[in-house]
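Just so it is clear: chains get the letters A, B, ... in the order the sequence lines come, proteins before strands, and each one is counted from 1.
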Amino acid sequence: MSQNNGFDPKIIAYVCNWCTYLGADLAGTNRLEYPASVRIIRLPCTGRIDFHLIVKAFESGADAVLVSGCHPGDCHYTAGNFHARRRWTLFRALLDVLGIEMDRIHFTWISAAEGRKWQEVVTEITEKTKALGPYRAYRRICEGGA
Amino acid sequence: MSHAIRKEALRALVGSWLAEGKRVAGPVAVGPGRVLYQPLVSPERLLLDGFIRTVNSIKAFVFPRHEELYAYRFRGRQVELIDAPLPEEEQIVIGARPCDAAALPVLDHVFRWGTPDRSYERRRELTTVVTLACREYDDHCFCTSLDSGPRDERGSDVLLVEIDEETYEVVWLTSKGKDLFVRHTERADRKGTIGTGPKRKFDAAALERFLAENFESPVWETFALRCLGCGACAYDCPTCHCFDIVDEGDRHGGMRVRNWDSCQFALFTLHASGHNPRTAQAQRIRQRIYHKFRIYPDKFGDTLCTGCGNCSRGCPVHLGIRPVLEAISALERKPQSAPPKTP
Amino acid sequence: MARIGVFVCWCGENIARHVDVEAVASGAATLPGVRTALSYKYMCSEPGQALIRRKIAEEGLDAVVVSACSPHMHLRTFRRAAEGAGVNPYRVEMANIREHCSWVHHDRGEATAKAADLVRMAVAKARLDRPLEPICVPVARRVMVVGGGVAGIQAALDVADAGHQVVLLEREPSIGGKMAGLSETFPTLDCSQCILTPRMVEAAQHPNITLHTYSEVEAVEGFVGNFRVTVRKRARYIDVDRCTGCGQCWNSCPSKKNPSEFDYRLGQRTAIYIPFPQAVPARPVIDKDACIKLTKGKCGLCAKRCEAQAVKFDDEDRLVVEEVGAVVVATGYRLYDPRTPAAADGISGYGEYGYGKYADVIDSLQFERLASASGPTAGEIRRPSDGAVPKSIVFVSCVGSRDPAKGLSYCSKVCCMYNAKHAMLYRHKVHDGAAHVFYMDVRAGGKNYDEFVRRAIEQDGARYHRGRVSKITEREGKLIVRGVDTLAGEAITVEADMVVLAAAIRPAEGVERLAQKLGVGYDAFGFLSESHPKLRPVETNAAGVFVCGACQGPKDIPESVAQASAAAAKVLALFSRDELSRDPEIASVNELTCAACFACERSCPYGAVERAELRNGRGEFLKRTARINPGLCMGCGTCVAVCPSKSVDLDGYSETQVYAMLKSLT
Amino acid sequence: MIEALRELARRLLAEERVRVVIGYGQSSPQGPVHPLFITRAEDAEQLVWNRQCFSNLTAYLTRKDVRALGPAAVVVKGCDERTITVLEKEAQLERERVFVVGMVCEGMGDPGLPKCQVCDRHRPRLADETLGEAVDREVPALERYAALEAFLARPAEQRMAYWQEELARCVKCYACRQVCPLCYCERCIVDKNRPAVIDTSATLKGNFAWHITRAFHLAGRCVACGECARVCPVGIDLTLLNQSLARAAEEAYGFRAGEDPRVEPLVGSWSPQDREDFIR
């Protein structure tokens, strides 16, 4: 992991319990290797994932955030991901105007069957985040004082 | 004879302070029609004319809105406490208003009372206040009603009084102030002159009488309807000094910090038990007036207000102290039977 | 402060190979709230569980973190173990250091560091777990079986015989599935229809079975014990209740030349038809694309002939809601189509075999119809092109199977057996015919299976060539099959009259959509995922949904039937309870701070938020508030996300817990 | 218009249809205009109406001490009245307890505020009684978001730098929150301390968290009355944040907060067709 000046990105993944978490389980069962950069926080549903969690992840030093759940129509709770999708659409607009680096916030639908997609997504966002480097702008915010 | 400095020379002097690495703060325009005391990055941004006063006050330079008290670190199952370093940088506040500077001795009473506040003390020592006497006033100004005025010298190290459009008279009031200016002034044969300040807006003696007897008066409720319960008045006030202490940290440790707080917030007095002794805005407004004009005076023999009017100037609904005191003063003049005018 | 025990599992070598479990345990021991941390070879084994119980007693633990596999695998196991020692089961957390770590990160340093992080997160969460009591909900003792093939019929009958209601759903006009079209079955060569048809009739007539044919699952709501399944009953254009099945309609239908689905296009049927004579229900459907009345507006001969007046040209799809407590998926398989490459699946196809190009290259299910007494040739082996009796047939194994380069990586499992059967049946019917079988290995594991293959070779003279077929061409009415015999080490060419391709078994069309509706996982090939390949082979990760038959993986009839009975047994176990206990990880409102904006109410998928009033001890109104109905809340937490003042929280995934986990990563 | 307003206030109070009229007052002809509460018919002459009537008075409709007075009449401009729709949808007021006095408005401030330049609601539509005559003009959505557009034309790093500079001034006086008619929570999330979702410190970190939260809590709700930015003592232009969300709502869902009382709130409803081009 040291090809990028030893920078190991810290990526927080908020995933739903029923699809993406199981997708990641499947990646494990199938021994699909990927970078050890992601720390999963398991939540019941993408509906539970609110914008504070994204902000908090950056405050906690994340270089990127992944939010992932069931494909539309597959929500274990029928509509949690539809609610979430609408909120994210709006939230992204806000982050954009603030100049938050949108390349550091990823949204995916990964089903319980998509172990390979999990592997691909984690690999890709890890590479992308490595290329971007540490999220210095948010670190500056956190260390900026008053 | 007096000491004088030309305005360009003053600006150059500010530039030289900055060049020496000193922290300098003064009025800066941050937006259309909005002037705030801000740390200066260049002397050009310093604003000396063209506004009545800033919406904020200079208290932030001795009592910052956010201050680290000490750090804590987890060492296994032990907690290690580390004192926050005391400030070391000298700072100069230039262009302060007399009503800002006069607030410093008022704050001193609080922070030097009992156990002195180390970081406040240190900041006071490191800070030199260069005050600019007022030539203009607005409806919000009421310093004269509190026996202060446009060239009140309290709290200042240097007082600048305009002689003409080009020149200030420099009055050094402390050795710290003198050191800053002594080699940069010229001798002048004129002194700066200014007016008598804003007209008196209420009778302080009447206020005293009213507060002695009207803690339970319904008048507080009429003011409270309009108040939105934000903290703009307290945060813009040069003398308000309430704070909240919280811990902020991560798994390795963190910081115990002190942040400004305001008695106008609904949860200011919320107890851990869930009880809140001041549930109504009327109680909170009353508290603010009583603290400034009765509780603090009883304790320290001074008033917790310099009449700057910032509480009204920054108020979203133009309330603040002056309208309240005017109404009270009017009540005291009138027979008690008449109900207060709707604010 | 919590008293937490951390138990790090080696999972044999599974975790310990890539994660330094000792380092993870000793690191965990220093975390706030942790009283004890140790590792053990197999934490889920009985000695492992006993270790947890003993430590709970010794150390007075009130919370447990097991650092092992996925919580979907063993959280329940460890909750039970901890509960047995007096720890509230909802104060048990798992750190998934196997699926999410040791199996996917092979750098020992990185894997160990991540495992330590995962444990720290789990400890941070466990520290804040509240003890909870399970919620009880009643069970609807009614099962839906999706798929009316042999597996579905078996599962339906087993449950129905036990006295519970069954809703049997079939996409085709008749139940029976693939087995209804088979000729004779290995290794006994008993007639497929003879053994299946009585079961079909039994299912149709069973008082506890409601049959929906020509129907599919439209939507699924609810949860174990309380599913609401919306069924789309496709327009049949026949009033099934009126129809007597007399046959006047299909006998009079002028649109006769429609390829028969049941005969895999080797035969023809009318536009109004029953798929095969023994169809259940014995009620026709109208193929709306073939019907002259429905396409051109004239004809209507069938309606005129129908004395029961059962033909309804204005029929439309209907949606029916069935409330069931469990679902059994038995949707079976389809054959891989060797013709066309499927780029999406990474299959490049077997164009060189000429399937679809040469009429006499057919697949094995088509051969079943040729060999079946009820088939288009009445059981005589005649080739499709000219109806001649083939004197030489080549059977090609593994078309699509076991071929990761061009096809599918898995073995379709039943082809070796039916190839032998086909060779045998052909030789029984065409005594002078030559039966060539190209194979890679002969996989004949099973009772009397190998003997059956030996019989085909030794008694019935099937000629087995070990090797693949490389190309099939046609020359002067003959199919030239070029292959290799790897045992002889030579290329061989067989001139054949007919070629039968043992195409791979794939899950039925559209099973992914169904799986998504049910919340069941499936693998890259579309086979449904069981909960555990060994210990929970017919359960899925969606509670109350079970699988059996070929939808879960290729299998033969005996296995499918065994699995169906197993699924039925699981359903019956579920139905043996009056109520189910549900995880109490649900939302609750801080009614004092709730602003009563009811954003939660608008976002709740279950209508679990109620508007309530808060009153003091004297009954005086204080404020309005949202309130969660714990019977309806399923714990998705959408309300938490939309609550502006964060006055709703979700047990098990509370705000404090999530933030504590984040903080543990700083 | 002013006489009609005073007359209406007098009538409403005299007939006891309302207990309080929430309007605008002015202590001196040059002094600032401020909210005014009239509880006696004879005080109605204190009401004023001019180009300085900035406040969105609907903020008072949810206040406990104002509600305690009884049924209220409130003076609204076209921009303000939209909050009433939102408040009603969110179960914060019973429409029948409020008498809405609509004032036809030619714009506030001199020169007019930016929001007034693109106003398409000079005449209130939902009021119980509307005073004054004027015609609305349609404003193309793009024009409404012109300031936002211009800001978004800057590169992301510059936007970030801008906000770092602006938000560094925030002292967390919460005037933006308190003045907002839609920030009616009794216990704001920033005051929640278990867990503390947002740092209460007025550090850059705490200020970003706060302003992200304040703005996003108004997603699909903010009616663009602009009060938050107007009252900010340190002059932070919060309308840019609000506008970004309003425009996203309008572009993605054709939704404008408070426009149509029949439409369900944006957050809390969904459609399977909602766009998701950003989701992989």
Engaged part of D:V190 at the chain C interface, taking heavy atoms whose separation is under 4.5 Å: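 For D:V190, neither part sits under 4.5 Å from chain C.
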
Top contributor to chain D contacts, counting heavy-atom pairs under 4.5 Å, from C:S603, C:A595, C:C600: C:A595

Heavy-atom pair count under 4.5 Å with chain D, highest-scoring of C:T638, C:L128, C:T593, C:N590: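 Looking at each of C:T638, C:L128, C:T593, C:N590 in turn, C:T593 comes out on top.
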
Proximal to chain D - members of residues 620-628 of chain C, heavy-atom separation under 4.5 Å: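 The list, in residue order, reads C:K623, C:R624.
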
Residues of residues 646-665 of chain C contacting chain D, heavy-atom criterion under 4.5 Å, by residue number: C:K646, C:S647, C:E655, C:T656, C:Y659

Winner by heavy-atom pair count (cut-off under 4.5 Å) against chain C, out of D:T213, D:T62, D:V197: D:V197

Taking every non-hydrogen atom, the tightest pair across D:K89 and C:R602: O-NH1, 3.6 Å

Atom pair CZ/CG of D:R187 and C:L592 - distance to nearest 0.5 Å: 10.0 Å

Spatial distance of atom CZ (D:R221) from atom SG (C:C597) [nearest 0.5 Å]: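 Going from CZ on D:R221 over to SG on C:C597, the span is 7.0 Å.
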
Chain C contact residues among residues 265-280 of chain D, heavy-atom distance under 4.5 Å: D:P265, D:V267, D:G268

Taking atom [atom1] of [X] as the centre, does the number of heavy atoms from other residues, nucleotides or ligands within less than 6.0 Å exceed 12?
{"X": "C:R611", "atom1": "CZ", "result": "yes"}
{"X": "C:R130", "atom1": "CZ", "result": "no"}
{"X": "C:R3", "atom1": "CZ", "result": "yes"}
{"X": "C:R513", "atom1": "CZ", "result": "no"}
{"X": "D:R17", "atom1": "CZ", "result": "no"}

Please tabulate, for side-chain N and O atoms in residues 166-180 of chain D, each donor-acceptor pair with protein atoms closer than 3.5 Å (sequence neighbours left out).
residue	atom	partner	partner atom	Å
D:E166	OE1	D:R169	NH2	2.9
D:E166	OE2	D:R169	NH1	3.4
D:R169	NE	D:V234	O	2.9
D:R169	NH2	D:V234	O	3.0
D:R169	NH2	D:G235	O	3.3
D:K172	NZ	D:D199	O	2.6
D:K172	NZ	D:S201	O	2.7
D:K172	NZ	D:G206	O	3.0
D:R177	NH1	D:D191	OD2	3.4
D:Q178	NE2	B:L228	O	2.7

Whether D:Q92 side chain and C:A596 backbone form a donor-acceptor pair below 3.5 Å: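 Judged by distance alone, yes, a pair lies under 3.5 Å.
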
